[in-house]
Amino acid sequence: MTALAKTKTPAFDVAKIRTDFPILSRTVHGKPLVYLDSAASAQKPQAVIDAITRAYTQDYANVHRGAYYLSETSTAAYEAAREKVRAFINAKSLSEVVFTKGATEAINLVAATYGRKFLKAGDEIVLTAVEHHSNIVPWQLLRDAVGCELKIVPVNLDGSIDVAEFAKVIGPRTKLVAIAHVSNVLGTVLPVREIADLAHAAGAKIILDGCQGIVHQHVDVQALGCDFYVFSGHKLYGPTGIGVLWARAELLDAMPPYQGGGDMIDSVTFAKTTWAPAPAKFEAGTPPIVQAIGLGAAIDYLNSIDRAAAAAHEDTLLRYAMTSLAQIPGMKLIGTARHKAAVQSFVMEGAHPHDLATVLDRSGVCVRAGHHCAQPLMEILGVSATTRASFAIYNTMDEVDALVTALRRAQEVLL
Amino acid sequence: MNAAAPMSDDLRTLYQEIILDHGKNPRNAHLIAEHTCKAQGNNPMCGDRVTVTAKVAQDQVQDIGFEGKGCAISIASASMMTDALKGQSLETAEKLFAAVQELCTGKSDATQIKTRFGADFETTVERLASLSGVSQFPVRVKCATLPWHALMSCLQGNGETTTEKP
């Protein structure tokens, strides 16, 4: 790689960042780990690991229950995590932040509560062709339950999506627009503000699957103009088992509970139960306490670094990867939209993605191969699978080189 | 290039010449028009699919062909499977299915399987044993066994199967 590329984004000290992630110093099959699958799940900084360990070793008890010291500290830490999320996404109030076990559960929650209460036969839900299965299947379940219809906004061959296409599909019957903020396969950043305006003009609500979006850019839910925003903790350098549903307060107020159980009630008699207000209404049972605390620590960590510089660093990695990959014979990049995050899918002539991933693994390079939980998109793209490299704040230009070298070597093995 | 990093032995075993050959130039890669049974195998984890058709009469696989989308391992496995099965009895088909499963999971090696099947099957077993490289790659075992699961489903008239079956 060129000296110029190496000296880019001097404001961002990736070597320093890498020391924050202990797993990055391990080897795989005797080779240094080159982790390029952060879009599936990101590695964890020591600060997150420490927060989890501290919670279990020092401060652990159930939340919202016991009138004793440890329960108070545990509750305080859990609710402090909620405040960290609130500030991170600029939600108006704490009651708008619901903890779930992940983004998938958050979407299912909206479909099962808002969807079942407010959608009926003949209503339409607008999705895009690039959606993850988790933003397709919950709506199909809702469709089968209430008889609404799903309308699909097409994707261009380069992975971009035209706002004009939304204008064609969104109509008077549209009640909900459910779309990715950033495509997990193509990296495309959707023009969500404009789409939100179209949805609202039609009297519809809009839910954004922010799993990839919040990872690569600062998210201000109020500025985005959406009604629901969901994301997972584990893609944001936090633990698994924790996700967030943000929704406007008036929507959460109008929605029925998702699950019944402890912690979500106001009062219970065998004749009638009244619900606690949001967010408790949607958090039945013992919540993922330590996972929420871990997510809070991940947010603290992200707040401690220069996120704009991190985003610029990721973009530099992406552009360098796109240029380098394109030089490999038989390479076809999938997802080349102008506005995109640091996710790059590709196919290589004569080498199936699974075979590539296996060979790359022996070089210590971790990439995702398969349909990326987006089978409808694969069909549109005319491929059964792709290989995907995704870049995070801790990846380096040298790792892009390692990917390219490993791919060339894979060609020697497979072709 | 990259002379400093020679290919590891297990990669060489996995992607040996015969696998790459069958992966790139699969034999019997077509559906049998006058088939008596047909089944599809899916690997929901990766999206790989294979459809197996066979013409069975007098308990014998008279013709067999497949259509599939998948990695080199799954296509090579399907190709070698159809080569091995043509003209064989249903009983032999079941025995070979079991043998391939054992080879792919490392439960038996080629010598053990050869002893079981005898001299008549030496070439067939040797060829199928080339799939045993996947035993060093646990996540790839399903790639090699997918066509065989589809085959059993086909011969037993079950229509569809997935690698997620126990």
Side-chain angles (χ1 to χ4, degrees), chain A residues 27-32 34 40 133 137 185 327-329 347-379 381-388 401-415, chain B residues 1-26 40-51 67-79 104 131 133-147 162-163:
Chain A
T27 56
V28 171
H29 302 302
K31 310 276 166 48
V34 176
H133 293 164
V137 184
V185 180
Q327 287 162 11
I328 299 175
V347 289
M348 218 163 76
E349 214 177 294
H352 191 277
H354 296 143
D355 298 316
L356 274 184
T358 294
V359 180
L360 260 53
D361 177 56
R362 284 321 203 244
S363 299
V365 179
C366 309
V367 293
R368 175 87 187 268
H371 54 58
H372 315 289
C373 297
Q375 284 183 327
L377 174 60
M378 294 292 116
E379 205 167 320
L381 296 171
V383 295
S384 62
T386 74
T387 307
R388 179 189 70 187
D401 290 341
L403 167 68
V404 171
T405 303
L407 283 169
R408 287 185 185 274
R409 193 162 147 266
Q411 285 186 318
E412 289 168 18
V413 176
L414 298 170
L415 299 186
Chain B
M1 58 162 287
N2 207 9
M7 196 200 304
S8 62
D9 283 348
D10 49 1
L11 269 186
R12 205 184 296 277
T13 308
L14 182 64
Y15 291 110
Q16 52 190 281
E17 203 54 51
I18 183 174
I19 300 269
L20 293 177
D21 174 38
H22 277 264
K24 278 179 218 157
N25 312 295
Q40 183 170 288
N42 298 323
N43 183 343
M45 297 303 289
C46 64
D48 280 4
R49 284 164 195 276
V50 60
T51 303
E67 229 176 50
K69 268 192 173 175
C71 60
I73 309 292
S74 66
I75 299 300
S77 177
S79 171
C104 290
L131 293 167
V134 296
S135 62
Q136 298 304 310
F137 296 80
V139 297
R140 304 302 302 276
V141 171
K142 285 175 177 178
C143 306
T145 57
L146 174 65
T162 91
T163 54

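The chains referred to below are lettered A, B, ... by the order of the sequence lines, with proteins before strands, and numbering in each begins at 1. What's counted below: heavy atoms across the whole structure, side chains too, no hydrogens, waters or symmetry copies.
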J.: Could you list the residues that satisfy side-chain contact (heavy atoms from CB on, under 4.5 Å) with B:Glu17, not counting sequence neighbours?
T.: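 Counting only residues at least two positions away or on another chain, B:Glu17 forms no side-chain contact (heavy atoms from CB on, under 4.5 Å).
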J.: Which of residues 368-378 of chain A get closer than 4.5 angstrom to chain B, counting heavy atoms alone?
T.: A:Gly370, A:His371, A:Gln375
J.: Under 4.5 Å from any heavy atom of chain A, what part of B:Ile19 do you find: side chain, backbone, both or neither?
T.: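 For B:Ile19, there is no contact with chain A at all, as no heavy atom is under 4.5 Å.
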J.: Residues of residues 67-75 of chain B under 4.5 Å from chain A (heavy atom pairs)?
T.: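 B:Lys69, B:Gly70, B:Cys71, B:Ala72, B:Ile73 fall under the 4.5 Å cut-off.
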J.: Residue by residue, which of residues 354-361 of chain A have a heavy atom closer than 4.5 Å to a heavy atom belonging to chain B?
T.: A:His354, A:Asp355, A:Thr358, A:Val359
J.: Could you check whether any side-chain heavy atom of A:Arg409 comes within less than 4.5 Å of a side-chain heavy atom of B:Leu11, counting everything from C-beta outward?
T.: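 Side-chain contact under 4.5 Å: yes.
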J.: Could you give the distance from CZ (A:Arg362) to CD (B:Gln136), rounded to the nearest 0.5 Å?
T.: 8.0 Å
J.: Does A:Glu349 CD have over 12 foreign heavy atoms under 6.0 Å away?
T.: no
